[in-house]
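Starting from 1, each residue takes its place in the sequence as its number. For the numbers below, each heavy atom of this structure counts, side chains included, while hydrogens, waters and symmetry mates do not.
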Amino acid sequence: MQNIKIPKKLIEVALPLDDINEACAYEKMPGIGAHPRGIHLWWARRPLAAARAILFAQMVNDPGYERSMGRGVNKERAKVERERLFQLIRGLVKWENTNDQNLLAQAREEIRKSWQETCELNKAHPDAATLFDPTRVPAFHDPFGGGGALPLEAQRIGLDSNSSDLNPVAVMINKAMIEIPPKFANKEPVGPIQKGSSQGRTIQFTGNQGLAEDIRRYGVWLIDEALKTVAPLYPVIELPAQYGGGKAPVIAWLWARTVKSPNPAFSHIEVPLVSSYVISNKVGKEAYVHPVISGAAYTFEVREGKPPKGAEYGTKSGPRGANFLCLMSGSPISADYIRDEGKAGRIGMRLLAIVAEGGRRRVYLSPTEEHELVAKSAQPTWKPEVPFFQQALGFRVGNYGISTWADLFTSRQLVGLGTISELVGKAKEKVRADASNVGWPDGDGLADGGSGAIAYGEALAVYLAFALDRCADFSNTCTRWVPGNQKVMNLFGKQTVSMTWDFPEANIFLETVGGYVPAAKYVADCVETLPWNVSSGHASQADAANNSITCCIPDDCIDENRHPLFMARAVLRELI
Ligand SMILES: C[S@@+](CC[C@H](N)C(=O)[O-])C[C@H]1O[C@@H](n2cnc3c(N)ncnc32)[C@H](O)[C@@H]1O
């Protein structure tokens with residue numbers, strides 16, 4: 001460390017923390033619109049504002065005087081200069097300024113000036129030509145890239161950005177955020193415009209708009225293809241006259257898990273485990289399920305109007321825990337009994353209600369035998385039969401016999417997700433062919449740095465697969481139906497996989513919450529928010545302890561007490 005002079009960085013002296021915190025809090029609010037984090041779920045995401053601020057502040061030299069290096073200005077002037085840099089940070093962190101080219105140009109200029117000062121101080125270093133080239137600002141590397149906040153912001157403020165992670169999903173997220181978009185910036189979309197679709201309304205495609213448009217177009221193409229084989233599994237429903245009659249598409253099927261009654265007199269009957277009978281508690285549009293017992297059998301009827309007292313507890317024996325009452329006998333069904341039945345593979349499911357699209361409103365209908373049979377007839381040709389980890393924190397479903405990832409899905413969900421998954425591979429080939437047809441050269445694949453038709457096919461496949469992952473979050477048996485907004489609530493609202501007793505099965509082929517096309521559109525909207533007129537980005541899979549990017553930094557560049565990445569992480573922890 002003796003040979004290298006590194007001026008004190010702004011981050012080592014002061015930061016406008018209140019402003020950064022405020023911007024971070026704003027960025028975390030729901031309803032701020034499309035955000036790069038929506039491209040794919042990842043844990044421990046840092047707000048982009050914090051990442052941007054701390055990266056800028058560790059690239060920019062503090063203006064204060066440093067006698068040892070003979071640099072900087074006196075106290076009063078340093079204060080004024082610092083305030084000027086703070087003002088720039090205050091502007092940079094605002095959500096609405098995320099892609100403000102004027103502010104970003106100012107930030108890049110400040111970084112360039114600081115780098116030139118550092119190069120000047122080190123011009124006598126024996127390796128100055130390679131280490132201190134004033135025309136090339138240093139590149140950035142996050143060896144724990146995760147959700148990509150730091151690599152993305154490094155790229156935005158003008159650094160060549162490298163991200164690596166041990167987890168291949170994180171690597172794909174980083175590729176989707178920093179590597180792919182700049183390669184295809186300002187390109188026209190190549191995908192097929194669906195008849196009567198509003199897609200392609202944009203006449204001129206700038207930035208990531210062409211790429212985003214193709215995610216939407218191929219999302220629609222993919223669903224049209226899938227429906228050619230799986231449509232019979234997603235039947236429409238006959239609407240009663242009071243709802244206008246005719247056939248209506250189903251938004252979701254609401255299911256209840258079942259166990260054999262523990263009461264010996266009813267032990268041949270599979271009784272429902274229902275945590276609530278309430279389907280809608282919206283004032284004026286209330287609906288609920290009413291169980292009807294007839295002899296040794298029961299059916300469910302959906303009724304409109306205020307739910308009766310106790311309906312909010314379904315067949316539970318109280319508001320807490322997995323304790324229920326047998327619908328037929330009133331006998332208690334203990335959590336232990338349910339666990340044992342689950343482990344013996346004897347938990348079943350029974351259709352509780354059907355939510356359909358009735359013109360301008362949602363319609364709640366009683367289950368039909370036909371709909372139940374169709375769902376249960378689904379035969380997936382492939383399942384993720386990978387053992388589920390039984391002891392992980394927050395993953396309690398193993399207690400109930402869920403032993404592989406496949407067990408988290410209904411057969412129909414497995415068919416739907418599996419069919420789309422296969423089509424993502426076909427979409428990759430179609431994108432390549434469509435791009436070739438409009439004159440794109442084939443070029444190399446993404447892994448070899450390509451940016452032609454082959455690489456574009458692979459790029460689209462990444463985003464289409466991410467849209468499918470989003471669907472999987474909504475299309476599994478651990479989702480919930482929310483009577484307040486009458487929508488499917490995805491599984492990963494928090495970082496756990498918790499057991500559900502009743503759950504909605506969203507129609508993945510419909511333009512509604514949980515559908516594939518809305519998921520593709522959502523991913524596309526988020527892609528549009530990514531910077532595109534930026535330096536190159538690169539993401540790779542590597543163990544941080546042993547990777548070729550960090551390991552090539554010369555030892556005398558690393559000051560254990562002032563390592564900028566560790567400083568960044570320390571400050572971020574304070575901010576969140
Ligand atoms: C907390 S996350 C990073 C969050 C990220 N900075 C962001 O803002 O989204 C930590 C990441 O480190 C990765 N990781 C853990 N051990 C690793 C190792 N030995 N090498 C590389 N990455 C590792 C994990 O996969 C995870 O993505």
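- With N122 contributing its side chain and H125 its backbone, the two residues share no donor-acceptor pair below 3.5 Å.
- The CG atom of L55 sits 11.0 Å away from the CZ atom of R156 when rounded to the nearest 0.5 Å.
- The shortest side-chain heavy-atom distance between L417 and I508 falls under the 4.5 Å cut-off.
- Although no hydrogens or angles enter the test, the distance criterion places no donor-acceptor pair under 3.5 Å between the side chain of S475 and the main chain of A472.
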*asked:* Assess the residue pair Q541 and L166 against the criterion (side chain to side chain contact (heavy atoms under 4.5 Å, CB included)); give the C-alpha distance rounded to whole Å, side-chain angles, the decisive distance to 0.1 Å, and a yes or no.
replied: CA-CA 6 Å; Q541 189 179 19; L166 204 48; 5.5 Å; no
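- Evaluation of the side-chain contact (heavy atoms from CB on, under 4.5 Å) rule for D133 yields T135, R136 as partners, not counting sequence neighbours.
- Looking at E422 and K426, no side-chain N of the basic residue comes within less than 4.0 Å of a carboxylate O on the acidic one, giving no salt bridge.
- The CG atom of L150 sits 10.0 Å away from the CG atom of N174 when rounded to the nearest 0.5 Å.
- Contact check for L460 versus V424: no side-chain heavy atoms found under the 4.5 Å cut-off.
- Salt bridge status for R71 with E120: absent, with no side-chain N to carboxylate O gap under 4.0 Å.
- Side chains of W115 and F132 form a contact here, defined as non-hydrogen atoms less than 4.5 Å apart.
- One distance of note links NZ of K8 with OG of S68; it measures 9.0 Å at 0.5 Å rounding.
- In this structure, K428 has no salt bridge (charged side-chain N to carboxylate O under 4.0 Å, His left out) partners at least two apart in sequence or on a different chain.
- For residues 42-64, every residue pair satisfying the ring pair (Phe, Tyr, Trp, His ring centres under 6.0 Å) rule, not counting sequence neighbours, is listed here: W43-F492.
- Put simply, the side chain of T477 gets close to the backbone of L408: a donor and an acceptor are under 3.5 Å apart.
- Sorted by first and then second residue, the pairs that involve residues 432-443 and meet salt bridge (Lys or Arg N to Asp or Glu O under 4.0 Å), not counting sequence neighbours, are K430-D434, R432-D442.
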_F509 and Y516: CA distance, side-chain angles, deciding distance, side chain to side chain contact (heavy atoms under 4.5 Å, CB included) verdict_ = CA-CA 6 Å; F509 294 102; Y516 183 77; 5.9 Å; no
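- For R112, the salt bridge (charged side-chain N to carboxylate O under 4.0 Å, His left out) partners two or more places apart in sequence, or in a different chain, are E109.
- Using a 4.5 Å cut-off on side-chain heavy atoms (C-beta onward), S403 and E385 make no contact.
- Under a cut-off of 6.0 angstrom, the local environment of NZ in K123 is sparse, with at most 12 non-hydrogen atoms contributed by other residues, nucleotides or ligands.
- For residues 440-462, the set of pairs meeting the ring pair (Phe, Tyr, Trp, His ring centres under 6.0 Å) definition, not counting sequence neighbours, comprises F184-Y456, W440-Y456.
- With hydrogens and angles ignored, the 3.5 Å screen pairs a side-chain donor or acceptor of E27 with a backbone N or O of A49.
- Side chain of E458 to main chain of L446: a donor-acceptor pair is present (N/O by atom type, distance under 3.5 Å, no hydrogens or angles).
- Listed by first and then second residue, the salt bridge (Lys or Arg N to Asp or Glu O under 4.0 Å) pairs involving residues 80-89 are D62-R82, E81-R84, E83-R90, R84-E110 (not counting sequence neighbours).
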*For N186 and Q209, what are the C-alpha separation, side-chain angles and deciding distance, and is it a side chain to side chain donor-acceptor pair (under 3.5 Å)?*
CA-CA 7 Å; N186 295 327; Q209 286 176 335; over 6 Å; no
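- If you take CG on L222 and OG on S421, they are separated by 9.5 Å, rounding to the nearest 0.5 Å.
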*List the steps, then state whether side chain to side chain contact (heavy atoms under 4.5 Å, CB included) holds for I178 with V534.*
CA-CA 9 Å; I178 64 169; V534 282; over 6 Å; no
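- Annotation: side chain of D407 is not in contact with side chain of F388 (no heavy-atom distance under 4.5 Å).
- A donor-acceptor contact shorter than 3.5 Å links the side chain of Q101 to the backbone of N99.
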_Apply side chain to side chain contact (heavy atoms under 4.5 Å, CB included) to residues I157 and R52 and explain how you reach the verdict._
CA-CA 8 Å; I157 60 171; R52 198 175 311 135; 4.1 Å; yes
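- Taking both residues in full, the closest heavy atoms of L491 and C478 are given as CD1-CB, 3.7 Å, listed atom of the first, atom of the second, then distance.
- Counting only heavy atoms from C-beta outward, the side chains of Y26 and P47 never approach each other to under 4.5 Å.
- Across Y218 and P192, no two heavy atoms sit closer than the pair CE2-CD, 3.7 Å.
- With hydrogens and angles ignored, the 3.5 Å screen pairs no side-chain donor or acceptor of N97 with any backbone N or O of D100.
- Note that CD1 of I215 and OH of Y522 are 13.5 Å apart. Values are rounded to the nearest 0.5 Å.
- Counting heavy atoms from C-beta outward, L121 and I6 have side chains that stay 4.5 Å or more apart.
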With a cut-off of 3.5 Å and sequence neighbours excluded, list every side-chain donor-acceptor pair involving residues 524-532.
from	atom 1	to	atom 2	distance (Å)
D525	OD1	R216	NH2	2.8
E528	OE2	R216	NH1	3.4
E528	OE2	R216	NH2	2.8
T529	OG1	C526	O	2.6

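- For E153 (side chain) and A51 (main-chain N/O), no donor-acceptor pair under 3.5 Å exists by modelled atom type.
- The salt bridge (Lys or Arg N to Asp or Glu O under 4.0 Å) analysis of residues 157-179, with sequence neighbours excluded, yields the pairs K175-E179.
- Within the structure, the side chain to side chain donor-acceptor pair (under 3.5 Å) test picks out the following pairs touching residues 464-473 (sequence neighbours left out): H40-D469, D473-N490.
- For the residue pair N61/K9, the side-chain donor-acceptor check at 3.5 Å is satisfied.
- Side-chain contact between Q155 and P182 is present, with at least one heavy-atom pair separated by less than 4.5 Å.
- For the atom pair CZ of R108 and NZ of K113, the computed distance is 15.5 Å after rounding to the nearest 0.5 Å.
- Applying the salt bridge (charged side-chain N to carboxylate O under 4.0 Å, His left out) criterion to E22, with sequence neighbours excluded, gives no partner residue.
- In this view, K94 satisfies the salt bridge (charged side-chain N to carboxylate O under 4.0 Å, His left out) rule with no residue, not counting sequence neighbours.
- Within a 6.0 Å sphere centred on NZ of K487, other residues, nucleotides and ligands contribute 12 heavy atoms or fewer.
- Checking side-chain atoms of S535 against main-chain N and O of L159 turns up a donor-acceptor pair under 3.5 Å.
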